[in-house]
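Note sheet for the following structure.
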Number of protein chains: 2
Amino acid sequence: MVKRVRGSKTGRPIMVLLDLLGRRWVLRIVWELREEPRRFRELQDAIGASPTIVNSRLAELREAKLVELDAESGYRLTALGRELLRLFLPLHLWSEKWVKAVAL
Amino acid sequence: MVKRVRGSKTGRPIMVLLDLLGRRWVLRIVWELREEPRRFRELQDAIGASPTIVNSRLAELREAKLVELDAESGYRLTALGRELLRLFLPLHLWSEKWVKAVAL
DNA sequence: GCGGACGCTACAGAAAATGTAGTAACGGAG
DNA sequence: CTCCGTTACTACATTTTCTGTAGCGTCCGC
């Protein structure tokens with residue numbers, strides 16, 4: 001038993017995944033790592049969250065094998081993390097369209 | 001200024017979107033509405049969150065024009081919401097693969 | 001006019017996030 | 001060998017958010 005499933009008791013993969021991704025800052029961290037590895041502080045400054053929460057989210061993402069820490073370069077996406085990111089890339093374009101529709 | 005951009009001051013569409021989707025239960029609610037409309041209580045029971053938070057997330061999703069309330073059938077995805085969901089559908093399959101890779 | 005389903009709200013207590021400060025390990029300069 | 005900077009990370013009091021439970025007001029069928 002690897003994961004704590006917060007939002008769902010079912011343990012169905014999609015629920016576990018949605019639970020993980022639905023935590024504050026998780027999507028943002030993955031997004032921030034999309035191009036290149038980042039140092040802890042660098043990441044923290046970029047997203048503007050407290051070190052406490054950045055650290056615990058990184059721990060969760062590392063446990064989920066989506067992110068890893070390389071001593072040379074910093075935090076970076078694993079192969080699995082890059083796969084996930086690839087699924088999210090279309091969001092970038094779509095978000096532009098969405099914002100226009102919502103007219104913020 | 002319509003939206004509170006919690007996680008980012010930039011107002012860049014992708015950041016606003018990631019902020020919205022990164023709130024607790026939001027992804028789960030969108031997922032729960034993927035097939036058919038749901039009533040408030042039905043939705044609440046399905047995800048197991050408090051009515052308070054279900055209501056406020058639904059309000060946010062309605063403001064974001066991703067969800068709407070139809071008196072006849074209940075809460076459902078808008079056209080925009082269905083577009084977003086379509087981007088997320090591959091997650092379902094991917095999550096199965098991911099769980100196998102993580103649960104060593 | 002009673003009962004049930006509906007969306008939704010109030011509110012106290014619990015949990016999570018913030019903001020600030022600080023620790024411990026390492027590596028290089030003097 | 002000290003000092004300094006950089007690294008990841010932790011402690012903790014304060015603030016914000018979420019939960020759990022109860023209940024409100026409206027509509028509709030009986």
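Here is the naming used below: chain letters follow the sequence lines, and residue numbers restart at 1 for every chain.
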Starting from [atom2] on [N], measure out to [atom1] on [X] and report it in whole angstrom.
X        : N       : atom1 : atom2 : value
Phe40(A) : dG22(C) : CZ    : C1'   : 14 Å
Asp45(B) : dA5(C)  : CG    : C1'   : 13 Å
Asn55(B) : dG20(D) : CG    : C1'   : 16 Å
Arg62(B) : dG7(C)  : CZ    : P     : 10 Å
Ile47(A) : dG19(C) : CD1   : C1'   : 14 Å
Ile29(A) : dA17(C) : CD1   : P     : 11 Å
Glu72(B) : dC6(C)  : CD    : P     : 13 Å
Leu61(A) : dA8(D)  : CG    : P     : 16 Å

Taking atom types as they are modelled, would you say the side chain of Arg41(B) forms a donor-acceptor pair with the base of dA5(C) within the 3.5 Å cutoff?
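Counting by modelled atom types and ignoring angles, no donor-acceptor contact under 3.5 Å is found here.
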Closest nucleotide among [options] to the [X] side chain:
X        : options                   : value
Pro51(A) : dG7(C), dA21(C), dA17(C)  : dA21(C)
Thr52(A) : dT17(D), dG20(D), dT20(C) : dT20(C)
Ser50(B) : dA8(D), dT18(C), dG20(D)  : dG20(D)

Taking any heavy-atom pair under 4.0 Å as a contact, classify Arg38(B): base, sugar-phosphate, or nothing.
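Here Arg38(B) touches no strand at all.
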Minimum-distance pair of heavy atoms, taken over all atoms of Arg86(A) and Pro90(A):
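Scanning both residues completely, I find the closest heavy atoms to be O-CD, 3.6 Å.
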Which heavy atom of Arg38(A) sits nearest a heavy atom of Ala46(A), and at what distance?
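Minimum heavy-atom contact is NH1-CB, 4.3 Å.
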Below 4.0 angstrom from OP1 or OP2 of [N], is there any side-chain N or O of [X]?
X        : N       : value
Arg57(A) : dA17(C) : yes
Trp25(A) : dA16(C) : no
Arg39(A) : dT6(D)  : no

Checking Arg57(A) side chain against Arg24(A) main chain: does a donor-acceptor pair fall under 3.5 Å?
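Yes, because the side chain of Arg57(A) sits within donor-acceptor range (under 3.5 Å) of the backbone of Arg24(A).
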Decide side-chain contact (heavy atoms from CB on, under 4.5 Å) for Leu27(B) and Asp19(A); before the verdict, give the C-alpha distance in whole Å, the side-chain angles of both, and the deciding distance to 0.1 Å.
CA-CA 8 Å; Leu27(B) 285 173; Asp19(A) 176 45; over 6 Å; no
So Trp98(A) and Leu80(B), do their side chains get closer than 4.5 Å, heavy atoms only?
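Yes, close enough: below the 4.5 Å cut-off.
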